[in-house]
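Below: the structure, in structure tokens.
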Amino acid sequence: MKIKQIIIAGALLVSVTTFAQKDELKALKKIYDRDTPSTDDIITYKTNLSKLETLASEEGDKVYLNFYKAVTPQLELSVLGQNAKPEQIAKLLNPKAITELANAYNATLDYEKKTGKKVFTNDINTDIVEMKPVLWQVVVALDANTTLDKNLKFKQIAEVLYAVYQLDKTDKEKLYLAANYDMNAQDYDTALTHLKELKASNYTGEGTNYLAKNKATDLDETFNTKEQRDNMVKLGTHLLPREEKLPSKKGEIVKNIALILINQGKSTEAITAIEDARKDNPEDVELIVSEANIYLKMNDPVNYKRLISEALVKSPNDEVLFFNLGVTCVNANQFDDAEKYYRKAIELKPDFINAYLNLADLFLKPDAKIVEDMNKIKGTSDSDLKKYNVLKEQRQKIFNKAMPLYEKAHQLDPKDDLVKSNLKSVYNFLELTDKVKALKAEN
């Protein structure tokens with residue numbers, strides 16, 4: 001008899017708990033369904049969440065508990081409405097909250113697919129479409145934040161981007177961007193995982209940007225589709241429609257995989273990764289250059305030069321290739337080759353402003369050492385003065401060599417303040433006062 005009473009009492013307890021859970025779930029659903037919840041609604045919502053945390057035991061209850069917890073920031077943003085400031089959005093939709101939202105959405109979708117009961121499936125699919133532009137604003141706000149440590153900022157941006165990718169696995173671009181920010185944050189293990197996923201999915205990033213100039217801002221804007229762009233042109237808010245082809249990122253992805261593997265001391269894996277990519281894309285010059293750069297990092301000049309020669313045969317008129325080779329040679333302290341490649345880039349593209357600037361910087365590279373040697377001369381003897389004048393003449397030669405390159409860059413882009421600043425420094429050192437005055441008069 002006593003045993004039976006205990007069983008009945010236990011059954012009643014389970015029943016009461018189940019009803020309690022249903023009451024909490026109903027209350028949460030009621031507030032969730034409101035278009036504009038109030039501040040009091042949010043307080044009630046959080047109270048019911050707390051109660052449900054101690055009661056939820058069934059799989060479904062736990063799934064929906066996590067769902068309701070994850071959408072809390074969205075409800076709080078709904079209370080703020082159009083008055084929500086970027087910093088408030090960034091605070092509520094922080095990287096941790098977005099990751100939890102992505103996990104909760106996916107768990108709910110999986111559960112409802114398994115049970116066949118679509119309670120939130122349609123809402124979630126709609127929310128993902130509507131949320132992605134908002135989350136992109138979070139990325140923009142984080143990127144603009146100058147108070148954060150750079151590595152921390154890059155890592156948080158990577159986390160937001162990866163969470164957006166978790167929300168929409170078809171948006172591989174977000175995974176690609178997350179990998180790049182992880183590399184910037186020096187989280188190479190996570191970056192490598194993302195890059196390998198991109199490679200396995202055969203992501204290339206190729207596509208088309210649809211652009212038109214906004215009449216109000218006089219700036220180019222990018223549209224997702226040609227139709228969207230053309231509609232804005234028809235409305236008269238935009239003009240000068242144009243299209244911009246996006247090149248394949250496949251070579252860059254494989255190159256970054258290889259570079260991370262090299263930094264991890266896995267040179268053999270790195271070479272294998274890029275050789276495999278080249279089997280599928282034997283004519284891809286970027287892949288050839290990437291493999292060459294790996295050999296350069298491995299201090300293998302023979303294979304480096306072999307591959308560079310191959311790349312130049314395949315693409316003899318590619319100014320960007322020559323420019324990038326110049327950068328690579330500077331990093332490897334191969335300054336004569338760097339000058340040769342920069343000059344070739346300028347020959348192929350006479351308005352290649354960055355090639356002029358890099359070549360000027362290359363010529364001025366010895367300046368720091370010359371100044372250091374000049375500062376070491378403390379005496380005033382004839383011998384000391386002779387040494388000093390020799391060094392001064394050396395400085396004058398390299399400044400005179402760099403001057404026409406900066407002048408050409410300034411001619412190509414008169415509004416570039418950095419170019420003007422460098423040119424002004426050159427004029428000042430060479431005591432060309434008239435030219436300094438003319439440069440100042442441009443402001």
Within the side chain of [X], is there an N or O that forms a donor-acceptor pair under 3.5 Å with the backbone of [Y]?
{"X": "N106", "Y": "Q166", "value": "yes"}
{"X": "Y356", "Y": "P350", "value": "yes"}
{"X": "S421", "Y": "D417", "value": "no"}
{"X": "T72", "Y": "Y68", "value": "yes"}
{"X": "K250", "Y": "N202", "value": "no"}
{"X": "S315", "Y": "L312", "value": "no"}
{"X": "K199", "Y": "I253", "value": "no"}

Check: Do Y111 and F67 have their ring centres less than 6.0 Å from each other?
Finding: no
Notebook entry, point to check: Are H194 and Y165 near enough that their ring centres are under 6.0 Å apart?
Noted result: no
Check: Taking 4.0 angstrom as the limit, do K344 and E347 come out as a salt bridge?
Finding: yes
Check: Hey, is D367 close enough to K369 for a salt bridge, meaning N to O under 4.0 Å?
Finding: no
Margin query: Check whether F363 forms a cation-pi arrangement with K401 (NZ or CZ under 6.0 Å from the six-membered ring centre, at most 45° off the ring normal).
Written below: yes
Next item on the list: Taking all non-hydrogen atoms of both residues into account, name the closest pair between E159 and P95 and its distance.
Entry: OE1-CB, 3.3 Å
Item checked: Steps toward ring-ring contact (aromatic ring centres under 6.0 Å, His included) verdict (F322, Y342) -> CA-CA 6 Å; F322 282 98; Y342 286 144; over 10 Å; no
